[in-house]
Amino acid sequence: MLGALMNLFSLCWKPFGVNADGGGISSGRERREGLLCFRDIGRYASGDFSMAVVQANQVLEDQSQIESGPFGTFVGVYDGHGGPQAARYVCDHLFHHFQEILAEAHGVVTSETIRRAFLQTEEGFTTLVSELWSTQSHMATVGSCCLVGVICQRTLYVANVGDSRVVLGKKVGNTGGIAAIQLSTEHNANMEAVRQELKELHPNDPQIVVLKHGVWRVKGIIQVSRSIGDVYMKHAQYNREPVNGKFRLPEPMNMPIMTANPSISSLPLQPNDSFLIFASDGLWEHLSNEKAVDIVHKHPCAGSAKRLVKAALQEAARKREMRYSDLKRIDKKVRRHFHDDITVIVLFLNHDLISRGVVQGPPLSIRSSLEH
Ligand SMILES: *[C@@H]1O[C@H](CO)[C@@H](O)[C@H](O)[C@H]1NC(C)=O
């Protein structure tokens with residue numbers, strides 16, 4: 001009973017730090033509808049944001065954060081697999097590494113700053129796995145996709161491992177039209193280019209990608225080729241007992257099969273760049289880039305993230321010939337048969353602030369609560 005009450009009142013995101021988000025007022029603006037948790041609207045350094053998450057797994061495997069400070073804005077969407085631990089670790093450590101590296105670099109953000117933050121996070125997690133190996137060997141088989149966006153001055157950096165995605169809504173001419181432009185590169189074996197890359201890296205391994213029950217998987221085991229964690233696919237010493245047999249490779253691993261090296265791109269922001277949709281794979285499984293951009297464009301900013309999650313859930317229900325109202329009644333865990341955990345963060349770009357180089361408001365730090 002107490003557990004149920006705690007669950008009802010537990011927050012999805014926590015404001016961090018002394019002055020974080022105006023002293024924690026944010027919690028009052030957060031709403032919950034069953035397994036859906038959302039913040040209709042809030043302010044970050046360069047405009048307004050909207051965020052939402054819906055849980056499908058027994059334990060939420062998605063984590064996310066928005067941080068803004070003098071450097072600009074940092075957004076992270078972490079989609080865990082095999083368990084929540086790697087995504088939680090990333091949510092707890094990646095931004096700290098980014099801040100430390102940034103301080104050493106005198107506050108200058110580059111693609112390398114972000115790459116080093118990813119690799120240090122990977123190193124830290126690998127160390128944790130080695131420390132826990134004798135008691136919690138399953139930590140070797142948990143991993144997380146990791147999508148990061150950094151807005152610094154007038155440039156947007158996007159770094160990604162795995163299959164989360166960020167899509168830009170860009171105004172076209174003066175007609176009120178909008179274009180959807182995908183900014184992230186994905187690493188899922190269902191993409192021909194990813195299979196090609198894997199085959200080139202492992203020319204002597206005919207089993208590097210295997211089609212299993214209609215889904216392409218790396219070594220017949222996992223869909224993504226890059227992640228933080230999944231150390232059983234990176235270091236031979238973790239690909240052995242007591243790790244569960246379904247994760248163990250039949251032959252010796254001579255080189256890492258997966259990597260934590262992110263694909264990174266940078267984009268100078270232009271006045272016709274209207275908003276960014278960051279979301280875990282769970283959203284894109286049911287909504288196209290165009291549809292998502294259209295939904296945000298045609299409605300008020302407030303509630304955008306929730307609207308996208310609901311549109312995806314409606315589509316998931318439709319595919320199963322169910323009503324959305326019936327889907328909503330299905331509890332977590334069983335929900336996973338209908339859709340995945342879904343995280344959405346929409347950032348609206350205020351070009352008045354961006355072009356003046358002004359960072360609005362106090363530093364902001366919103367992170368997933370870890371008690372889920
Ligand atoms: C957006 O604006 C830039 C310059 O500000 C222009 O070069 C570009 O063509 C515009 N894009 C669209 C899709 O209208």
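Computed from a predicted structure; not experimentally measured. All ligand and atom numbering here is 1-based and tracks the order in the structure.
Atoms of ligand 1 lying under 4.0 Å from any heavy atom of Gly173, numbered from 1 in the order shown and given with element: 14 (O). Short contacts between ligand 1 and Lys170, defined as distances under 4.0 Å to a heavy atom of the residue, involve ligand atoms 11 (N). Close approach to Lys171 involves these atoms of ligand 1, each under 4.0 Å from a residue heavy atom: 12 (C), 13 (C), 14 (O). Using a 4.0 Å cut-off to heavy atoms of Asn272, the atoms of ligand 1 that qualify are 1 (C), 2 (O), 3 (C), 8 (C), 10 (C), 11 (N), 12 (C), 14 (O).
Checked options Ile181, Leu287, Leu308, Ile178; the residue passing with Val293 is Ile178 (criterion: side chain to side chain contact (heavy atoms under 4.5 Å, CB included)). Tested against Arg335, the residues His339, His337, Lys333 include a single side chain to side chain contact (heavy atoms under 4.5 Å, CB included) partner, His339.
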Tabulate below the donor-acceptor pairs under 3.5 Å that side-chain atoms of residues 265-286 make, not counting sequence neighbours, or state none.
unit_1: Gln270; atom_1: OE1; unit_2: Lys170; atom_2: NZ; d: 2.9
unit_1: Asn272; atom_1: OD1; unit_2: Lys170; atom_2: NZ; d: 3.2
unit_1: Asp273; atom_1: OD1; unit_2: Lys170; atom_2: NZ; d: 2.7
unit_1: Asp273; atom_1: OD2; unit_2: Gln270; atom_2: N; d: 2.8
unit_1: Ser280; atom_1: OG; unit_2: Asp62; atom_2: OD2; d: 2.8
unit_1: Ser280; atom_1: OG; unit_2: Thr343; atom_2: N; d: 2.9
unit_1: Trp284; atom_1: NE1; unit_2: Arg165; atom_2: O; d: 3.4
unit_1: Trp284; atom_1: NE1; unit_2: Ala279; atom_2: O; d: 3.1
unit_1: His286; atom_1: ND1; unit_2: Lys319; atom_2: NZ; d: 2.8

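Here the CG-CD distance, from Asn204 to Gln207, works out to 13.5 Å after rounding to the nearest 0.5 Å.
At least one protein heavy atom sits closer than 4.0 Å to atom 14 (O) of ligand 1. Closer than 4.0 Å to atom 7 (O) of ligand 1 lies none of the heavy atoms of the protein.
For atom 5 (O) of ligand 1, the closest non-hydrogen atom of the protein is Pro271 CD, 4.0 Å.
Surrounding CD of Gln153 are at most 12 heavy atoms belonging to other residues, nucleotides or ligands under 6.0 Å away. Within 6.0 Å of CG on Asp326 lie more than 12 heavy atoms contributed by other residues, nucleotides or ligands.
Not a single heavy atom of Ala179 lies less than 4.0 angstrom from ligand 1.
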